[in-house]
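Reckoned from all heavy atoms, side chains included, excluding hydrogens, waters and symmetry mates. In the text below, chain A, chain B and the rest are named by the order of the sequence lines, each starting its count at 1.
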There are 2 protein chains.
Amino acid sequence: MTQPVLNASTNTISNDIYQLIRADIINGKFQPGEKLQIKPMCALYQVGNSPLREALTKLAATGLIVQQNQRGFRIPQVSRKDLEDICNSRIHIEVAALKMAIAKGDDHWEAQILAQYHQLQKTQQQALVDKAQWERRHTRFHNALIEACDSPSLLGFCNILHDQFDRYRRLAPADANIRAELDEQHRKIMLLSIAREESEAGELLAQHIKLSAKAAMAMFPK
Amino acid sequence: MTQPVLNASTNTISNDIYQLIRADIINGKFQPGEKLQIKPMCALYQVGNSPLREALTKLAATGLIVQQNQRGFRIPQVSRKDLEDICNSRIHIEVAALKMAIAKGDDHWEAQILAQYHQLQKTQQQALVDKAQWERRHTRFHNALIEACDSPSLLGFCNILHDQFDRYRRLAPADANIRAELDEQHRKIMLLSIAREESEAGELLAQHIKLSAKAAMAMFPK
DNA sequence: ATTTAATAAAATATCGATATTATTGATTAA
DNA sequence: TTAATCAATAATATCGATATTTTATTAAAT
């Protein structure tokens, strides 16, 4: 009796394209407020009507797209209020998940944090930083921190918020000083987590999220 | 210059059917683990292929359905572990939202809580309680409590968790004693919230959620 | 000029048919 | 028997075409 093997089965077009569009939105390939018309999108991604719509529907459910009845799909507008909401919720939920992970994490959890941090470091030390790779590894590092929280629902919410947050982060110009401080925070969060310093790690993660949002926040008037 | 009027526009079939299927799942019209085949579902809901799939895709994104690549959709299995996760996350997020609402809520918020509580009461006092109506009003009451939290993302997560939680609740047999205590908790939560007793209201809501889950939890071995 | 109405154009949402993939059942080999 | 292979059946996912709804354009009216 073999296990159902999760669903490593063949990917669907709908699913492939969902991932593609998701990445493109986060990476700012579309403007805030931009209309995503069906026919042009089909042409752009080389797929048919149905799988495209399924992908957009799914993205709408995670807040990376907004859907209006009979009026199609568009990229959400950006605003200070929205960013503040995402930022606050992310702090609230991700910090809770980190504390739970610190309470429950095992050797494998610790090892994964170290592994992902190492990979992130390696990417940063390259002469010409591969932006897409950095994004992927940065996400993986943050996920590794909370993975042991043992709560699928919280992990799901963290992913949703992370995606929305990243769209804002990539919208803002990079700042070398802030970047350096963020990197240092990564290191400290890693060490504090593995040292099981629950509240200190949580507090630092909260600060880290706030600092990550700083550049994007500056784009909006108070 | 007229406002875009939200999207009160014509509903789509996809959207109508999404709401219908969502309600049917929460109300236990399908068995845990049951396969949702496309053709039979089209026949059952009297709609075509595409809008059905879009509705199912959306439901999968909120966790009320699971999707497997190339193997369609099914109702999620139930388990103690899953229920515990949903219950804990709901406590964590909904209590936070309540506290924020208590901090920020205005007259309108207070009035809405009173109004929704009153409606819920009225439904309960009927000779023959209309189950569907009670569910609707119960959801509205809980939403009214947290609505003023001013966080769209937290409200969204609360809705997702509420739906998943309700499926479990409706799975378990009703217990008159527990029901009476839950009703009394509603009253107290309402009063404490309007009295701005932040931490007491939060604590009671947490207990309320735990007690709501009690009957369902008893269905699973420890 | 600015709104209102009617028409044309464009876009969305939906249908019905089909290709692709998974599942079932039968057949053969170990 | 059990396992493995292949064909048949059934189900999913996708395509292409069409009906419905929205948006843009033009003409008429205040």
Side-chain angles (χ1 to χ4, degrees), chain A residues 1-22 25 30-77, chain B residues 1-22 25 30-61 64-77:
Chain A
M1 189 171 62
T2 52
Q3 261 286 86
V5 185
L6 202 50
N7 50 355
S9 51
T10 326
N11 262 13
T12 58
I13 294 178
S14 171
N15 203 50
D16 288 345
I17 204 189
Y18 163 80
Q19 320 239 36
L20 263 176
I21 299 177
R22 169 179 164 276
I25 293 172
F30 303 98
Q31 295 298 313
E34 182 175 345
K35 186 84 193 289
L36 302 177
Q37 291 190 140
I38 302 296
K39 230 195 299 184
M41 290 286 279
C42 286
L44 181 58
Y45 290 98
Q46 295 288 342
V47 295
N49 200 327
S50 323
L52 176 76
R53 287 187 58 90
E54 282 183 23
L56 295 179
T57 299
K58 208 162 145 190
L59 286 163
T62 65
L64 232 41
I65 282 184
V66 290
Q67 179 169 22
Q68 293 174 293
N69 280 345
Q70 307 284 13
R71 297 158 126 225
F73 302 85
R74 31 177 85 247
I75 300 294
Q77 293 290 356
Chain B
M1 190 171 62
T2 52
Q3 261 285 86
V5 185
L6 202 50
N7 49 357
S9 50
T10 327
N11 261 11
T12 59
I13 294 177
S14 172
N15 203 49
D16 289 344
I17 205 189
Y18 163 80
Q19 319 240 36
L20 263 177
I21 300 177
R22 169 179 164 276
I25 293 172
F30 302 100
Q31 295 299 312
E34 182 175 345
K35 186 85 194 288
L36 302 177
Q37 291 191 138
I38 301 296
K39 231 195 301 180
M41 290 284 281
C42 286
L44 180 58
Y45 291 98
Q46 296 289 344
V47 295
N49 201 327
S50 322
L52 176 77
R53 287 187 59 89
E54 282 182 23
L56 295 179
T57 300
K58 208 162 145 192
L59 286 162
L64 232 40
I65 282 183
V66 291
Q67 179 169 24
Q68 294 175 292
N69 280 344
Q70 307 284 11
R71 300 169 90 195
F73 301 86
R74 33 177 85 247
I75 301 293
Q77 293 290 355

Are A:L36 and A:F30 close enough that some pair of their side-chain heavy atoms sits under 4.5 Å apart? yes
Whole-Å gap separating C1' (D:dT9) and CD (B:Q37): 13 Å
Applying side-chain hydrogen bond (donor to acceptor under 3.5 Å, both in side chains), which residue pairs with at least one partner in residues 31-44 of chain A are found, sequence neighbours left out? none
Round to a whole Å and report the spacing from CE of B:M41 to C1' of D:dA10. 18 Å
Base-pair map of DNA chain C as dot-bracket, where | denotes pairing with a different strand and pairs are Watson-Crick or G-U under 3.5 Å: ||||||||||||||||||||||||||||||
Between D:dT21 (C1') and A:N69 (CG): distance, integer Å: 12 Å
Give me the atom names and distance for the closest heavy-atom approach of A:L52 to A:M41. CD2-CB, 3.7 Å
Within residues 43-56 of chain B or reaching into it, pairs that qualify as salt bridge (charged side-chain N to carboxylate O under 4.0 Å, His left out) - sequence neighbours excluded: A:R53-B:E54, A:E54-B:R53
Would you check if A:T57 and A:F73 make a side-chain contact, meaning some heavy-atom pair closer than 4.5 Å? yes
Do A:R74 and A:I65 come within less than 4.5 Å of each other through their side chains, counting heavy atoms only? no
List the atom pairs, donor and acceptor, that lie under 3.5 Å between side-chain atoms in residues 15-22 of chain B and the rest of the protein, sequence neighbours left out.
| residue | atom | partner | partner atom | Å |
| --- | --- | --- | --- | --- |
| B:N15 | OD1 | B:K58 | NZ | 3.2 |
| B:D16 | OD1 | B:N11 | ND2 | 2.8 |
| B:R22 | NE | B:D163 | OD2 | 2.8 |
| B:R22 | NH2 | B:D163 | OD1 | 3.0 |

Heavy-atom contacts, protein to nucleotides 14-19 of chain C, under 4.0 Å, summarised as B (base), S (sugar-phosphate only) or - (none) per nt, yield BB-B--
Write down the distance between CZ (B:R74) and P (C:dA22), rounded to a whole number of angstrom. 15 Å
Mind listing the residues from residues 55-63 of chain A sitting with a heavy atom below 4.0 Å of DNA chain C? Number order is fine. none
note: B:I38, atom CD1; D:dA13, atom P; distance rounded to Å ~ 7 Å
Establish, with yes or no, whether the OP1 or OP2 oxygen of C:dT12 is under 4.0 angstrom from a side-chain nitrogen or oxygen of A:K35. yes
What's the CZ-C1' distance between B:F73 and C:dA22, to the nearest Å? 15 Å
Provide, to the nearest angstrom, the distance between the CD atom belonging to A:Q68 and the P atom belonging to C:dA11. 16 Å
Residue set satisfying side-chain hydrogen bond (donor to acceptor under 3.5 Å, both in side chains) with A:Y45, at least two apart, ordered chain then number -> A:D24
